[in-house]
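Below is one structure, written out as structure tokens, with a few remarks after it.
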Amino acid sequence: DDPTLPRIRVHLPHFRAAPVPDPETADWDPWKPLMASRTHPEPNGAETAMNLDQPTGFGTVSSAFLALPRYPGFEQRPLWLFADGPPDRAPFRPVAL
């Protein structure tokens with residue numbers, strides 16, 4: 001959450017303004033479009049997009065959501081969703097832990 005980094009400065013306000021996901025009901029919908037976003041302010045360049053797709057071939061190849069239980073709550077298991085590809089093309093699926 002370091003605002004001196006352009007990518008974080010661009011996207012952190014969107015995550016903070018979005019409804020908080022509810023991992024217990026598997027509702028990550030508020031953050032899925034944010035993770036999949038390829039938009040960026042022009043002065044910052046494409047390297048500040050959340051979902052990278054550079055002309056050089058460098059880009060986002062996977063994405064994940066991870067929810068850790070709040071203390072005290074160790075009787076609950078962590079939850080992990082994984083997109084096996086860019087999050088605008090691959091669905092987030094649960095990973096068994």
Side-chain angles (χ1 to χ4, degrees):
D1 58 353
D2 182 353
T4 63
L5 301 172
R7 189 170 181 227
I8 292 173
R9 186 173 51 250
V10 168
H11 296 285
L12 185 58
H14 301 289
F15 281 91
R16 286 186 171 157
V20 176
D22 185 358
E24 290 183 13
T25 62
D27 182 10
W28 293 89
D29 290 347
W31 283 8
K32 286 179 181 178
L34 299 175
M35 295 292 282
S37 175
R38 292 183 183 270
T39 62
H40 58 84
E42 281 305 316
N44 293 317
E47 66 275 3
T48 62
M50 180 56 64
N51 184 9
L52 298 171
D53 187 13
Q54 301 290 328
T56 61
F58 179 79
T60 302
V61 296
S62 66
S63 193
F65 291 118
L66 180 64
L68 301 174
R70 183 184 326 201
Y71 178 83
F74 296 126
E75 66 278 354
Q76 295 176 333
R77 297 184 60 84
L79 301 171
W80 180 17
L81 293 179
F82 180 73
D84 190 15
D88 59 336
R89 298 182 192 145
F92 284 92
R93 299 186 193 279
V95 175
L97 298 176

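Numbers here simply count residues along the sequence, with the first being 1.
The hydrophobic clustering, which links ILVMFWY residues whose side-chain heavy atoms are closer than 4.5 Å, places V95 and L68 together. Cluster annotation: L5 and L12 are assigned to the same hydrophobic cluster (Ile/Leu/Val/Met/Phe/Trp/Tyr, side-chain heavy-atom contacts under 4.5 Å, transitive). Both L66 and F82 belong to a common hydrophobic cluster when Ile, Leu, Val, Met, Phe, Trp and Tyr are linked at side-chain heavy-atom distances under 4.5 angstrom. Residues L34 and L81 share a single hydrophobic cluster, defined by chaining ILVMFWY side chains whose heavy atoms lie under 4.5 Å apart. In the hydrophobic cluster analysis, where Ile, Leu, Val, Met, Phe, Trp and Tyr join through side-chain heavy atoms closer than 4.5 angstrom, L79 is grouped apart from F15.
Closest approach of P19 and P30 over heavy atoms only: O-CB, 3.2 Å. Here the shortest heavy-atom pairing between A83 and A90 reads CB-O, 3.8 Å.
Crowding of W80 atom CH2: a count of heavy atoms from other residues, nucleotides or ligands under 6.0 Å not exceeding 12. Within a 6.0 Å radius of CG in D1, no more than 12 heavy atoms belonging to other residues, nucleotides or ligands are found.
Rounding to the nearest 0.5 Å gives a distance of 5.0 Å between CZ of F65 and CE of M35. The OG atom of S37 sits 10.5 Å away from atom CG of L52, with the distance rounded to the nearest 0.5 Å. The distance from the CZ atom of R7 to the CG atom of D2 is 13.5 Å, given to the nearest 0.5 Å.
Evaluation of the side-chain hydrogen bond (donor to acceptor under 3.5 Å, both in side chains) test over residues 88-97, restricted to residues two or more places apart or in two chains, returns R38-D88, N51-D88.
Checked by atom type and distance alone, the side chain of H11 pairs as donor or acceptor with a backbone atom of T48 at under 3.5 Å.
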